[in-house]
Amino acid sequence: MDPLPDLLRNCAQVLSPDELRKKLAEGRPLRVKLGVDPTAPDIHLGHTVGLTKLRQFQELGHQAILIIGDFTAMIGDPSGRSATRPQLTHDEVMANAKTYQEQAFKILDPARTRVVFNGEWFEMMSFEEVIRLNSRVTLQQMLQREDFRDRLDRGLPVRAHEIQYPIMQGWDSVQIQADIELGGTDQLFNIMVGRDLQREEGQPQQVAMMLPILVGLDGTQKMSKSLGNSVGVTEPPVSMFGKLMSIPDAAMAGYYELLLNESLAADTHPMVAKKELARRIVARFHSEADAAHALEDFNARFSQRDLASADLPTFALLPGQDLVSNVVAAFASLGATRSRSDVRRLVEQGSIQLNGEKITDPKAPLDAGTTGILKLDKTRAVRLG
RNA sequence: GGGUAGGUUCCGGAGUGGCCAAACGGGGUGGACUGUAAAUCCACUGGCAUUGCCUUCACAGGUUCGAAUCCUGUCCUGCCCA
């Protein structure tokens with residue numbers, strides 16, 4: 001059976017399908033490269049799009065090469081960014097790299113994955129070699145990218161180290177002699193630099209496979225931790241489920257395609273389809289049982305507005321304290337920090353409910369023996385006890 | 001190195017001596033409505049406090065009864081010139 005159509009599925013752009021066909025026809029395991037920069041400790045669903053494609057190659061017997069960009073992460077990929085990224089130290093990066101690998105193997109097959117750190121070669125390079133590498137590209141090439149151009153036009157700084165990024169990513173491809181490089185559509189430029197460098201080194205050029213960008217929970221921007229619109233793969237089932245339910249309907253089709261690798265049936269009710277989506281994703285990263293539980297919990301909490309039978313953390317009231325103090329403490333027990341002013345506003349605006357009744361007086365006393373459910377905000381509530 | 005324009009609250013961006021915790025827009029949050037969707041409407045959006053107080057407008061000093069606004073120095077950025 002011809003694997004090509006399946007491999008091309010979901011790809012935003014492939015340069016070129018023809019080259020890919022030829023490589024496949026060689027009948028050897030291809031080296032498929034995917035680079036990740038461990039700039040944060042956790043990977044999120046957006047990262048899993050590329051990993052899933054990589055897994056697909058693995059299942060066909062190809063060799064996955066996961067490049068951990070310990071060096072490139074210190075620069076930060078400027079792709080799509082409107083500002084320089086904060087620079088991380090090598091120690092921070094290495095700590096992130098550890099959790100990244102663990103999480104990536106929730107999707108990848110360890111047996112067919114080679115993990116490489118690009119520090120392996122960059123750390124060794126002398127300044128002379130760096131200069132030599134830099135002399136192969138022109139400033140104009142590096143600056144023609146839209147993100148840089150935009151910053152230039154808007155009078156924002158573009159720092160010299162940022163233009164090193166594509167060169168480094170390209171050099172990675174040379175080092176591992178990549179046959180194929182996967183990346184988001186915003187990686188087109190970087191991947192093409194890899195092709196250029198490979199050609200200069202007399203290597204066969206890699207095929208560029210660009211995958212669509214997964215939008216975040218807001219339904220418009222790219223999923224990214226720094227934008228606060230991401231779902232981490234290690235998040236607890238209930239929270240993962242809830243977040244997925246909050247995506248706009250319009251974003252659902254993309255999630256089906258990119259995360260489940262199938263098309264969203266047009267005739268399904270959006271809510272049913274979304275619950276199914278959430279359930280399956282939770283099942284993938286946790287378990288079927290967790291997923292079933294998360295679904296039940298969601299139904300109880302939101303569909304039936306039955307907080308009482310939902311799975312809530314308990315909170316012991318602070319004796320003799322007013323409502324605001326207790327709510328602040330309750331948020332704190334959930335790991336959220338809210339100022340008293342903030343909580344006061346929540347109270348006055350009717351967010352705080354005790355057993356379904358709004359309490360809008362910030363100074364309302366709470367008897368220590370009060371029991372029931374205290375709703376804090378849209379998604380958080382605690383059981384008193 | 002020279003010239004010039006700037007650095008404002010999460011972001012963009014007003015404000016050029018008191019009426020400024022600082023317009024307006026975006027974003028975010030809460031409420032109503034819902035399918036925890038979208039759209040819409042309302043409210044809130046530095047901290048503490050039931051009058052009021054405290055800390056903010058790059059940083060450090062200064063002038064003044066009073067400064068985001070004036071002065072001096074420092075740091076940072078854009079643009080033009082070299």
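All values reported here derive from a predicted model rather than from experimental measurement. Within every chain, numbering begins at 1; the chains are lettered A, B, ... in the order of the sequence lines, protein sequences first and strands thereafter.
Taking atom CG of residue A/Asp322 and atom C1' of nucleotide B/U50, one finds them 11 Å apart after rounding to whole Å. Regarding A/Glu162, its CD atom lies at a distance of 13 Å from the P atom of B/U77, rounded to whole Å. Look at NZ on A/Lys358: it is 9 Å from C1' on B/G30, rounded to the nearest Å. As a whole-Å value, the separation of A/Leu376 CG from B/G30 P is 11 Å. Rounding to whole angstrom units, CG of residue A/Leu156 and P of B/C76 are separated by 18 Å.
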Margin query: What does the B/S/- profile of nucleotides 37-49 of chain B look like, 5' to 3', with a 4.0 Å heavy-atom cutoff to protein?
Written below: B-----BSS-SBS

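Distance check on atom P: B/A68 versus B/G7 gives 16 Å, rounded to whole Å.
Annotation: cation-pi geometry not satisfied between A/Arg151 and A/Phe148 (NZ/CZ under 6.0 angstrom from ring centroid, within 45° of ring axis).
Checking side-chain atoms of A/Glu129 against main-chain N and O of A/Ser126 turns up a donor-acceptor pair under 3.5 Å.
Heavy atoms of A/Arg305 sit under 4.0 angstrom from at least one base atom. Residue-level contact check: A/Asp377 touches the backbone only, with heavy atoms under 4.0 Å from sugar-phosphate atoms and none from bases. Residue A/Lys375 is in sugar-phosphate contact alone, with no base atom involved, counting any heavy-atom pair closer than 4.0 Å across all strands shown. Across all strands shown, A/Gly242 has heavy atoms under 4.0 Å from base atoms, whether or not it also approaches the sugar-phosphate.
The partner of B/G12 is B/C24, by the rule that a Watson-Crick or G-U pair needs both atom distances under 3.5 Å.
In this structure A/Asp361 satisfies the side chain to side chain contact (heavy atoms under 4.5 Å, CB included) test together with A/Lys363, A/Ala364, sequence neighbours excluded.
Residues A/Gln169 and A/Gln187 bring a donor and an acceptor atom of their side chains to less than 3.5 Å of each other.
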Next item on the list: Report the C-alpha distance between A/Glu181 and A/Arg195 in whole Å, list the side-chain angles of each, state the deciding distance to 0.1 Å, and finish with yes or no for salt bridge (charged side-chain N to carboxylate O under 4.0 Å, His left out).
Entry: CA-CA 10 Å; A/Glu181 175 160 4; A/Arg195 279 176 64 94; over 6 Å; no

